[in-house]
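Worksheet: the structure to be examined is printed underneath.
Below, chain A is the first sequence line, B the second, and so on; all start at residue 1. All heavy atoms count here, side chains included; hydrogens, waters and symmetry mates do not. Computed from a prediction, not measured in an experiment: that's the story for all the values here.
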Amino acid sequence: MLRLSHEEPLSQPPLPQKYPQNSLNQLSFESNYRIICNHFLEFTRGRNLLKGQSLHAYVVKSGLHLIPLVCHHLINFYSKLQLPYSSERIFHETQFKSSTTWSSIISCFAQNELPFHGFEYFKLMRRNDEMIPDDYVLPCVMKACGMSNDQFMGKSVHCLAMKTGFDAHVFVGSSVVDMYAKCGSLGDARKVFSEMPERNVVSWSTMIYGYAQTGEDGEALRLFKAALWEGLDVNDFTFSSVIRVCGNSTWYALGKQMHSLCLKMYYYETSFVGSALISMYSKCGVIEDASRVFNEVSDINLGMWNAMMIAWAQHAHTRMVFELLEKMVNKGTKPNFITFLCILYACSHAGLVKEGKHYFAKMKDYGIEPGSQHYASMVDLLGRAGKLQEALELIEKMPMQATEAVWGAFLTGCRIHRNTELASSVADRVFELGHVSPGLHMLVSNAYAASGMFQEAARARKMLRDRGQKKEPGLSWVEEGNRVHTFAAGERRHELSSEIYRKLEELEKEVEHAGYVMDTTHVLREVGVEEKNESIRYHSERLAIAFALVTFPPERPIRVMKNLRVCGDCHVAIKYISKCTGRVIIVRDNNRFHRFENGECSCGDYW
DNA sequence: GTAGGGTTAG
């Protein structure tokens, strides 16, 4: 029978159903579960599985696992220890699921690289009318979208966020920016970023990182400056992105400035900055500085080991790579899949086929399944060493579809060893991948051209043009003072052009006298001998070197950066130039460093 | 309780 409430005194409200009705009084109960949460955080940080599991047992016995926050910590604990299915079990054992529980499980799958599981749970959650995807759930789903490069899913979740108004939330907004950036839609990312009502250091860093990832280094730097202007408290994350930009564009002077800025802001010791600095200095060709950063840091983590290994490998100090691996294992750091990429990279660039195969097989001992990238490295290793048939057999045996990188490595091997037949025989299979990158497209086209199939080559080039894509123009650049001087083959736009060309003619006589003979087999177009000579004589790296010879003081090493591979003829020519001029010339192409000194190159002519 | 990370190939 219904009675009016004022007719009887209000009784004590019952404990909400979601809390266990046990003997604990409310107060001790509250304090108890907070302590438990802190313990879980501690065990998660320390990756202490045993302690976490015993606490888990205690929590279940006392019924505390029914509290959403405790449940979150449980899920999070197993998630961080890379046991997503344990997290999933806990999720299902929880009767009362709040938005915390849902966001925890979705985030767990996103963290453990199982984005599609995350989507499934998101869909499951949407079937429950009472559950609203709020500002905690949406970022987790966005993360899964970014991870799987699923822009379609990302867009629809973004729409949902806009419809519910949660897009105005800074966490949601930042995750949307990240999602578009990861899916390669920098324009959309920037639009969302600009329209965010509130931005914090994560939003800015995400946007900067997005530009850094897609190679829009100038824009990344402009945004970083804008962030400083806004008085934003930039952190180590922001710095690692900007330092990476300096490395990609080989802005050595700027990189050093960032380094000192880090020192001033006490961000130096943090790991991400450390590894970013190592790879920046290495990419700028200053291996000494990279090594100094590595040696100065007391707490070396996995990323720094990896970055330093790549650095030694890039500079052809292969022995150092193996030494570092040994030291790393002795210190108790377990190599990961990136470590093996570093090692295979080192082997491939030194022509160490036996060692490469050894480490490729050894991966399984560390519980790491070779991914497509490792296969690409192995194909690269075999291809460079001339074992093209073996490389092709490895591709056939791959448990996954051969990627662009794999075919790229194979075709590069074919080009180095001038096996045009094999190259043109796989060309069609490369185009089966659909729209491949301009770089790979040119490899295919060049493979046709080199085997005399000029019509096919022209058709491949036309395909690229029709798609509105252009082959990347070959550029070389040199840093001088605060300026970067960029050169393209045969151009005469630089203000010192006449001096540069005069210097080149002078050099040509000198090196020919020393024994240099021009080799035009690297020119892959159907042109006359004169034109071939002309196009090779003024390759961009030669212009850049000539510029440095004209302007640099005699003792200064010449550092030239190039975005494409150095051609065989230039490599020979630069060796002679270093001998005739007595200068140290360091050339970084898109592949590795060449240190020319006294007529020799550090790569040992193997690249 | 939720969002951002290091590495390679061409």
Side-chain angles (χ1 to χ4, degrees), chain A residues 37 41 68-73 75-76 98-104 106-107 110 134-143 146 166 169-179 181-182 200-210 212-213 235-241 243-244 270-279 301-311 313-314 336-346 348-349 371-377 379-380 383 403-412 415 436-443 472 563-565 589-592:
Chain A
C37 290
L41 278 176
L69 195 55
V70 175
C71 180
H72 158 76
H73 281 291
I75 291 175
N76 188 42
S98 71
S99 106
T100 308
T101 331
W102 285 103
S103 61
S104 305
I106 295 167
S107 160
D134 61 6
D135 49 329
Y136 283 91
V137 175
L138 288 168
C140 303
V141 187
M142 277 301 171
K143 187 177 174 151
F166 283 113
H169 198 281
V170 63
F171 272 59
V172 178
S174 305
S175 67
V176 175
V177 171
D178 183 54
M179 181 275 295
K182 286 229 167 74
N200 65 10
V201 60
V202 175
S203 338
W204 281 91
S205 304
T206 305
M207 198 63 237
I208 292 171
Y209 183 72
Q213 249 179 337
N235 60 17
D236 53 333
F237 178 78
T238 332
F239 268 115
S240 69
S241 299
I243 291 168
R244 184 174 156 179
T270 59
S271 50
F272 289 126
V273 172
S275 50
L277 282 172
I278 292 169
S279 82
N301 67 4
L302 182 59
M304 296 174 93
W305 288 108
N306 289 347
M308 198 63 230
M309 276 187 213
I310 286 284
Q314 277 171 335
N336 71 348
F337 80 101
I338 292 170
T339 315
F340 281 98
L341 282 179
C342 302
I343 294 163
L344 293 178
Y345 173 83
S348 136
H349 288 258
S372 68
Q373 291 163 300
H374 298 100
Y375 278 94
S377 280
V379 170
D380 188 60
T403 56
E404 269 198 38
V406 174
W407 287 120
F410 182 72
L411 288 172
T412 307
R415 184 173 66 171
V436 297
S437 71
L440 186 57
H441 210 111
M442 284 314 291
L443 270 174
E472 205 178 349
N563 64 340
L564 301 179
R565 190 174 179 275
D589 63 8
N590 61 353
N591 193 27
R592 66 171 309 146

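Rounded to an integer number of Å, the gap from A/N235 CG to B/dG4 C1' is 9 Å. Rounded to whole Å, atom C1' of B/dT2 lies 12 Å from atom CZ of A/F166. The separation between A/L344 atom CG and B/dG10 atom C1' is 17 Å, rounded to whole Å. If you measure from atom CG of A/N200 to atom P of B/dA3, you get 13 Å, rounded to the nearest angstrom. As a whole-Å value, the separation of A/I338 CD1 from B/dT7 P is 8 Å. Across the protein-nucleic acid pair, A/I106 atom CD1 and B/dA3 atom C1' stand 14 Å apart, rounded to whole Å. When the P atom of B/dT2 is taken as reference, atom CG of A/D135 falls 12 Å away, rounded to whole Å. Between the NE2 atom of A/H349 and the P atom of B/dA9 there is a distance of 5 Å, rounded to whole Å.
Of the candidate nucleotides B/dG4, B/dG1, B/dT8, B/dG4 has the atom nearest to the side chain of A/T238. Across B/dT2, B/dG1, B/dT8, the shortest atom-to-atom separation from the side chain of A/T100 is found for B/dG1. Nearest to the side-chain atoms of A/P139 among the listed nucleotides B/dG4, B/dA3, B/dT7 stands B/dA3. Among the nucleotides B/dA9, B/dA3, B/dG4, the one closest to any side-chain atom of A/D178 is B/dG4. The A/Y136 side chain lies nearest to B/dG1 when the options are B/dG4, B/dA3, B/dG1. When the nucleotides B/dG1, B/dA9, B/dG4 are ranked by their closest atom to the side chain of A/A405, B/dA9 comes out on top.
Ring-base stacking between A/Y345 and B/dA9 is not satisfied when judged by a centre separation under 5.5 Å and a plane angle under 30°.
Summarising the geometry, atom NE2 belonging to A/H349 is positioned 8.5 Å from atom CD belonging to A/Q314; distances are rounded to the nearest 0.5 Å. The CG atom of A/L302 lies 7.5 Å from the CD1 atom of A/I338; values are rounded to the nearest 0.5 Å. The CG atom of A/L277 lies 8.0 Å from the CE atom of A/M304; values are rounded to the nearest 0.5 Å.
Using a 4.0 Å heavy-atom distance criterion, A/N301 is classed as a base contact. Residue contacts shown for A/M179 are absent, as no nucleic acid heavy atom lies under 4.0 Å away. A/R565 comes within 4.0 angstrom of nothing in the nucleic acid, heavy atoms only. When heavy atoms are screened at a 4.0 angstrom cut-off, A/Q213 is found touching no nucleic acid atom at all. Residue A/S174 is in base contact, counting any heavy-atom pair closer than 4.0 Å across all strands shown. Residue contacts for A/S279: at a heavy-atom cut-off of 4.0 Å it reaches the sugar-phosphate backbone alone, with no base atom in range. The residue A/S205 sits close to a base: some heavy atom pair falls under 4.0 Å. Residue A/C342 is classed as having no contact, given no heavy-atom separation below 4.0 Å to the nucleic acid.
A sub-4.0 Å separation between OP1 or OP2 of B/dT8 and a side-chain N or O of A/Q314 is present. Taking only side-chain nitrogens and oxygens, A/S107 comes nearer than 4.0 Å to OP1 or OP2 of B/dA3. Side-chain nitrogen and oxygen atoms of A/K143 include none within less than 4.0 Å of the OP1 or OP2 phosphate oxygen of B/dT2.
Remark: the A/S99 side chain and the B/dG1 base include a donor-acceptor N/O pair separated by less than 3.5 Å. Scanning atom types as modelled, no donor and acceptor separated by under 3.5 angstrom connect the side chain of A/T206 and the base of B/dG4.
Residues A/S377 and A/D380 bring no donor and acceptor atom of their side chains to less than 3.5 Å of each other. Between A/S175 and A/D178, the side chains place no donor N or O within less than 3.5 Å of an acceptor N or O (distance only, hydrogens not considered).
Scored by the side chain to side chain donor-acceptor pair (under 3.5 Å) test, A/T101 finds A/S98 as partners (sequence neighbours excluded). Not a single salt bridge (charged side-chain N to carboxylate O under 4.0 Å, His left out) links A/K143 to another residue, sequence neighbours left out.
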